[in-house]
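Structure first, then comments.
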Number of protein chains: 2
Amino acid sequence: MGASKTEHFSEKQKTIATLAKALGHPARVSIIDYLLTVDYCICGDIVNELPLAQPTVSQHLKELKNAGLISGNIEGTAICYYIDDKAIDKLKNYFTEIASKLEQKKTIIEATNNNIRNK
Amino acid sequence: MGASKTEHFSEKQKTIATLAKALGHPARVSIIDYLLTVDYCICGDIVNELPLAQPTVSQHLKELKNAGLISGNIEGTAICYYIDDKAIDKLKNYFTEIASKLEQKKTIIEATNNNIRNK
DNA sequence: TTTATATATTGCAATAATACGATAGATATC
DNA sequence: GATATCTATCGTATTATTGCAATATATAAA
């Protein structure tokens, strides 16, 4: 084998997996963290910020871009990268939803246990 | 090269990357989604649920377990897997934090633009 | 037009991930 | 104990990812 059997899963599952995969490397998490600290883009600074060679950073940026987590504007010779709010929101909403479902489950289990105790 | 240069990044960045990576495959997202729908564990059902062979599912479960996203209890011959709340909370908090920082940034930019317009 | 600067692409090597058949281990049932 | 059931591990083939040197591309400055 080798290739993923992605065709069998729902669109939502594939979207979350794609976004999560893009953040599945500390260098790319680090890029996102860095983009949050700067007021204005500056792509070249990311290369200075990371302990990686320029082509490697460029590749990581490409993956983040392909996943939809960042976008870039050309400004002269430089390129201004910024985080895509919508992608972050998708992830935020997904995990918030899971957390709330887990919380709900916990409540049901506790209620059931109380019910058993009171019999 | 090949191996990741993970040693240069912060613990938090590595933690998020590890959790995100574990969800970087639709089969594993699908497993999490499935665990949310059932009241009680049942590992064998996951194999029936997914379009993958039993060893492949077992491997995906192992990765989710190694990343700390799920845990398992042995119940006779079966194994009862469940989602770890703390891991989900880490992800939820991380993306909530990013979303709020982005929102804050947007507000600052708008305020600046208004300031410029009013001069 | 030449030169400098910034980013992307290519090509390659090393490692990791994905998938599954075959098989092992562990517990229940007969 | 023999058998059935459930899950994990091993071995292996295929593909993907990571990383960088070298090079290409594209714009700005001289």
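Below, chains carry the letters A, B, ... as their sequence lines are ordered, and counting in each starts from 1. Just so it is clear, the values below take in all heavy atoms, side chains as well, and ignore hydrogens, waters and symmetry mates.
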Look at [X] and [N] and indicate whether a side-chain polar atom (N or O) is within less than 4.0 Å of OP1 or OP2.
| X | N | result |
| --- | --- | --- |
| T77(B) | dC6(D) | no |
| K21(B) | dA16(C) | no |
| Y81(B) | dC6(D) | no |
| T56(A) | dG19(D) | no |
| H60(A) | dT17(D) | no |

Rounded to the nearest angstrom, tell me the gap between atom [atom1] in [X] and atom [atom2] in [N].
| X | N | atom1 | atom2 | result |
| --- | --- | --- | --- | --- |
| L64(A) | dA8(C) | CG | P | 12 Å |
| Q59(A) | dC20(D) | CD | C1' | 9 Å |
| K62(B) | dC10(D) | NZ | P | 7 Å |
| E49(A) | dT7(C) | CD | P | 14 Å |
| I74(A) | dT25(D) | CD1 | P | 16 Å |
| E75(B) | dT7(D) | CD | P | 11 Å |
| L52(A) | dT17(D) | CG | C1' | 13 Å |
| N66(A) | dA16(D) | CG | C1' | 14 Å |

task = With heavy atoms under 4.0 Å as the rule, sort E63(A) into base, sugar-phosphate or nothing.
result =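 If one applies the 4.0 Å heavy-atom cut-off, E63(A) turns out to touch the sugar-phosphate alone, with no base involved.
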From C-beta outward on [X], which listed nucleotide comes closest to its side chain: [options]?
| X | options | result |
| --- | --- | --- |
| P55(A) | dA21(D), dG19(D), dT9(D) | dA21(D) |
| A53(B) | dC20(C), dT7(C), dA8(D) | dC20(C) |
| K65(B) | dA8(D), dG21(C), dA6(C) | dA8(D) |

inquiry  = Using 0.5 Å steps for rounding, measure from the CZ atom of R28(B) to the CD atom of Q59(B).
reply    =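 R28(B) atom CZ to Q59(B) atom CD measures 9.0 Å (nearest 0.5 Å).
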ask   = Is any N or O donor-acceptor pair between the side chain of Q54(A) and the base of dA6(C) shorter than 3.5 Å?
value =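 It does not, because no donor-acceptor pair links the side chain of Q54(A) to the base of dA6(C) below 3.5 Å.
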ask   = When you check the gap from the basic side-chain N to the acidic O, do E97(B) and K12(B) get nearer than 4.0 Å?
value =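 Judged by the 4.0 Å cut-off on N to carboxylate O distance, E97(B) and K12(B) do form a salt bridge.
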ask   = Closest nucleotide of DNA chain D for L61(B) versus for R28(A): which of these residues is on the 5' side?
value =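 The residue whose closest nucleotide sits nearer the 5' end is L61(B).
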key: Parallel, tilted or perpendicular, as decided by the 30° and 60° cut-offs, for the rings of H25(B) and F9(A)   =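 The arrangement is perpendicular - the two ring planes meet at more than 60°.
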query = Is the shortest heavy-atom distance from the side chain of L64(B) to the side chain of I83(B) under 4.5 Å?
reply =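 The answer is no, as the side chains (C-beta and beyond) never meet within the 4.5 Å cut-off.
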Criterion side-chain contact (heavy atoms from CB on, under 4.5 Å) on T37(A) and D33(A), from CA distance to verdict = CA-CA 7 Å; T37(A) 67; D33(A) 285 349; 5.8 Å; no
